[in-house]
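Note: hydrogens, waters and symmetry copies are ignored here, and every other heavy atom, side chains too, is used.
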Amino acid sequence: MKTNDISVNINGEYYDYQKGTTLLEISKEFSKFHTTPIVAAIVNNNIKDMSTPVTENCNVDFLDLSTETGFKVYQRSLIFIMVLAARDL
């Protein structure tokens, strides 16, 4: 492991990534294991959006639309977009 690398535990296995890699970039490797799109991640027991950079060793669980929490994240995002669109009218 290089000095700029971090170790990420995903599904019980450790993977090395460069510090600052986003959850979206990491999720692309694991999307084939999900039946619906990945919309968020739980990083060390905290829900994070996909643009979050990973800056330290951590545990990651991806949330897709088939999970209750993943669906709630997706719903909340859609509501936010609708509110912004209505405000711009």
Side-chain angles (χ1 to χ4, degrees):
M1 186 160 84
K2 300 175 190 168
T3 57
N4 282 349
D5 284 354
I6 53 170
S7 183
V8 179
N9 179 354
I10 302 172
N11 297 328
E13 294 190 39
Y14 289 89
Y15 302 87
D16 292 332
Y17 294 99
Q18 186 173 7
K19 186 182 278 190
T21 302
T22 65
L23 290 169
L24 180 61
E25 294 169 319
I26 296 171
S27 74
K28 289 177 183 178
E29 295 178 39
F30 296 92
S31 63
K32 61 186 170 212
F33 301 115
H34 294 265
T35 57
T36 59
I38 295 172
V39 295
I42 299 175
V43 179
N44 292 338
N45 297 319
N46 296 306
I47 297 175
K48 301 289 184 178
D49 66 74
M50 299 306 289
S51 65
T52 302
V54 180
T55 57
E56 61 186 15
N57 296 340
C58 59
N59 297 310
V60 173
D61 290 312
F62 290 112
L63 300 172
D64 63 19
L65 292 175
S66 68
T67 65
E68 182 178 352
T69 304
F71 189 73
K72 285 182 180 181
V73 167
Y74 182 71
Q75 268 185 322
R76 189 172 177 98
S77 298
L78 290 178
I79 291 168
F80 181 71
I81 291 170
M82 284 182 23
V83 168
L84 286 178
R87 188 178 74 179
D88 289 344
L89 291 177

Q: With side-chain contact (heavy atoms from CB on, under 4.5 Å) as the test, would you mind laying out the steps for Tyr17 and Ile26 before giving the verdict?
A: CA-CA 8 Å; Tyr17 294 99; Ile26 296 171; 3.6 Å; yes

**Q.** side-chain contact (heavy atoms from CB on, under 4.5 Å) between Arg76 and Ile79, intermediate numbers included
**A.** CA-CA 5 Å; Arg76 189 172 177 98; Ile79 291 168; 5.6 Å; no

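In terms of hydrophobic clustering, with Ile, Leu, Val, Met, Phe, Trp and Tyr side chains grouped at heavy-atom distances under 4.5 Å, Ile42 and Phe33 are assigned to different clusters. Each of Val39 and Leu24 belongs to its own hydrophobic cluster when Ile, Leu, Val, Met, Phe, Trp and Tyr are linked at side-chain heavy-atom distances under 4.5 angstrom.
From Ile6, atom CD1 reaches atom SG of Cys58 across 5.5 Å, with rounding to the nearest 0.5 Å. With values rounded to the nearest 0.5 angstrom, Asn59 atom CG is found 11.5 Å from Asn46 atom CG. From Phe30, atom CZ reaches atom CD1 of Ile38 across 9.0 Å, with rounding to the nearest 0.5 Å. Between atom OG of residue Ser27 and atom CD1 of residue Ile10 there is a gap of 9.0 Å, rounded to the nearest 0.5 Å. A distance of 10.0 Å separates CG of Asn57 from CG of Asn9, quoted to the nearest 0.5 Å. The distance from the OG atom of Ser66 to the CZ atom of Phe71 is 11.5 Å, given to the nearest 0.5 Å.
Partners of Thr67 according to the side-chain contact (heavy atoms from CB on, under 4.5 Å) rule, which considers only residues two or more places apart in sequence or in another chain, are Leu63, Asp64. Applying the side chain to side chain donor-acceptor pair (under 3.5 Å) rule to Glu25 yields the partners Thr22; only residues at least two apart in sequence or on another chain are considered.
Considering all non-hydrogen atoms of both residues, Ala40 and Ile47 come closest at CB-CG2, 4.4 Å. Between Leu65 and Thr36, the closest heavy-atom pair is N-OG1, 3.0 Å. When all heavy atoms are compared, the tightest approach of Gly20 to Pro53 is O-CB, 3.5 Å.
Contact annotation: the side chain of Met50 approaches that of Phe62 to within less than 4.5 Å [non-hydrogen atoms, C-beta and beyond]. You'll find the side chain of Asn44 reaches within 4.5 Å of the side chain of Glu56, heavy atoms only. Under the 4.5 Å side-chain criterion, counting only non-hydrogen atoms from C-beta, Val54 is in contact with Leu23.
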